[in-house]
Amino acid sequence: MTSDWWKDAVVYQIYPRSFQDSNGDGIGDLRGIINRLDYIRDLGANVIWLCPIYASPNADNGYDISDYRAIHPDFGTMADFDELLSQMHFRGMRLVMDLVVNHSSDEHRWFQSARQSAESRYHDFYIWRRGRGDAPPNNWGSWFGGPAWEYVPEMDEYYLHIFHRKQPDLNWNNPELRREIYDMMCWWLNKGVDGFRMDVINLISKPDELPDGPGGDLSPFCVNGPHVHEYLREMNSEVLSKYDMMTVGECPNLTVDAALDYAGAGRGELNMVFHFEHTGLTDGRFGKWTDARTPLPALKRVFEKWQTGLYGRAWNSLFWGNHDQPRAVSKFGCELPEYRALSAKMLCTCLYFMQGTPYIYQGDELGMTNAGFSDIGQYRDVESLNAYRDLVGSGALDKRTMLRYLACTSRDNARTPMQWSSGACAGFTSGDPWISPGHSWRAVNAERELAEEDSVYNFYRRALRLRKESRTVREGTFRLLWPDDERIFAYEREYEGERLTILCNFSSETVPLSEPDPALGECLICNYFGEGEPEVLRPWEARVVRSEVQIS
Ligand code: GLC
Ligand code: CA
């Protein structure tokens, strides 16, 4: 029943709140997405991953679900959803939904009942413990700040929440909970959806003993917990194996070996995983809050490890950013006006000629930049606001420094309105947007980029078409060139006598190639107009060169 169509897919990720508003309430909606389907198809994407659109009190913008089978009225109705799905299928596109089942909202009816009585059928759907005296059951800290436990006086017990206190963790040890989840998944699949992106799926299994963690860190116990593979295999046999669908699991703190356990061919679990090794290289003393730049040799090593480590054994997910990351061009490229578009095209080339399924986060195909917010009042994201409160409140960081860090790494950098035009509010809404547009929208918008042959959008189209036609991109081996070079990211792909050499300059300087011969051959795509010299890469230049190799 299942096929490998997801290996040839190009996935476009939509953060619905910020994509396109159709009714002037300042919030993106399903009708807005329907109106933009041709734009996505014409880019060359054939799958949409839709971030949560379910009923939710929005403590974490929809990642706190209060009814898994209802559409949030902000986004429209179930009829709108059905129309979106059929319009997509009509265009030969497929829809992947976000599955958020590590936790629900505290406003879900299960939790409402669970918190009232230990007799409730739903009490054990969550993770409850007695306190230690007046203190929580253990020292775990929530990933969104503060303790990971919340006290419920009616029960005289605490419940566990790895994320916000309005996101209580579900108890996967309970078979009735698992049954409910599988039924819900089948309900969406029977409607016709084509897959799931599984939110923090490697956190779902917790040990029975919940001991203190080093420095309050819960990761050693909750990441890849004791029964996670048992549950995913059960989910696979109860649900996934019965449909022609794709799955990708979001897995923080993942090693290559662990990825093979989740998504190795023949494991009977997931098709793909997202790891965050390449996005986390700048983490430091204050975790993700920093203005550091990613060191290129380390970045290359990470890709080399994943490209070779999964080769022939599992399938990579290729992404620079998503709704939790800063903008790719700001983080890995260069925002300066003269280099923004060049570096966005370079990043496209560097990533999407690797092996795996491309994921494009909305707006990256335009080279959208970070928001450029300078006031804490402009931020909406709960993680950013909590971190500001905690780090500035405790005196660990001064306001100016923290604002600088937020401007580099806050999730809101990727959540500003999609930039459709140079008209009011970037063409996103005719009303007041729920979050201000980023600073770059007058210069960077879809209307302009569709019209300009040389735009980032049109470069993406060409690159995606090329990769689609290439067996070497799909199947070829990966070899990193010049691993220690601090400015050039270059690699070779080889398959059945064809070699593609991908040459990318991650700097604003002109860089001579130390051994120019890999640059000789037919140039398939380049982000500059006009031939350069083979032995030199111009600032932020990217080139894909094709040559033939002797098969010995
Ligand atoms: C995932 C989501 C993120 C959310 C978190 C909790 O990491 O991508 O947006 O806040 O899980 O659901
Ligand atoms: Ca709306």
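Order of appearance sets the numbers: ligands from 1, and atoms from 1 within every ligand. Model, not experiment: these values are computed from the prediction.
- Using a 4.0 Å heavy-atom cutoff, R197 is listed among the residues neighbouring ligand 1.
- For S422 and N445, the side-chain atoms include no donor-acceptor pair closer than 3.5 Å.
- Close approach of ligand 1 to F144 is summarised as follows: ligand atoms under 4.0 Å from at least one heavy atom of the residue are 10 (O).
- Within D21, OD1 is the N, O or S atom that lies nearest to the Ca ion (ligand 2).
- Note: F319 and F276 meet the aromatic proximity criterion, with ring centroids under 6.0 Å apart.
- Among the heteroatoms counted here (N, O or S) of D25, OD1 is the one nearest to the Ca ion (ligand 2).
- Taking CZ from R179 and CD from E176, the interatomic distance works out to 11.0 Å, rounded to the nearest 0.5 Å.
- The closest donor-acceptor contact from the side chain of E269 to the backbone of R267 lies at 3.5 Å or more, if one exists at all.
- The proximity of H103 to ligand 1, defined as any non-hydrogen pair under 4.0 Å, is limited to the side chain.
- A salt bridge links R31 with E83: the distance from a Lys NZ or Arg NE/NH1/NH2 to an Asp or Glu carboxylate oxygen falls below 4.0 Å.
- Protein heavy atom nearest atom 7 (O) of ligand 1, with residue, atom name and distance: E250 OE2, 2.9 Å.
- By the criterion of a heavy-atom distance under 4.0 Å, the side chain of R415, and not its backbone, is placed next to ligand 1.
- When D324, D199, D381, D60 are ranked by how near their heavy atoms come to atom 9 (O) of ligand 1, first place goes to D324.
- Judged by distance alone, with hydrogens and angles left aside, the side-chain atoms of W172 form a donor-acceptor pair with the main-chain N or O of V101 at under 3.5 Å.
- Judged by the 6.0 Å distance and 45° axis criteria, R380 is not positioned over the aromatic ring of W434.
- A donor-acceptor pair shorter than 3.5 Å can be found between the side chains of Y182 and E234.
- Residue contacts with ligand 1 leave out W143, since none of its heavy atoms falls under 4.0 Å from the ligand.
- Coordination check, I27 versus the Ca ion (ligand 2): passed, since an N/O/S atom of the residue sits under 3.0 Å.
- Ligand 1 lies nowhere less than 4.0 angstrom from a heavy atom belonging to E383.
- Sorting the N, O or S atoms of D29 by how far they are from the Ca ion (ligand 2) puts OD2 first.
- If you number the atoms of ligand 1 from 1 as listed, the ones under 4.0 Å from a heavy atom of R411 come out as 3 (C), 4 (C), 9 (O), 10 (O).
- At least one N/O/S atom of N23, whether from backbone or side chain, sits less than 3.0 Å from the Ca ion (ligand 2).
- Here the straight-line distance linking atom CD1 of I127 with atom NZ of K206 works out to 4.5 Å at 0.5 Å rounding.
- Annotation: the span from T369 atom OG1 to N413 atom CG amounts to 8.5 Å, rounded to 0.5 Å.
- Metal site remark for the Ca ion (ligand 2): D74 contributes no N, O or S atom at a distance under 3.0 Å.
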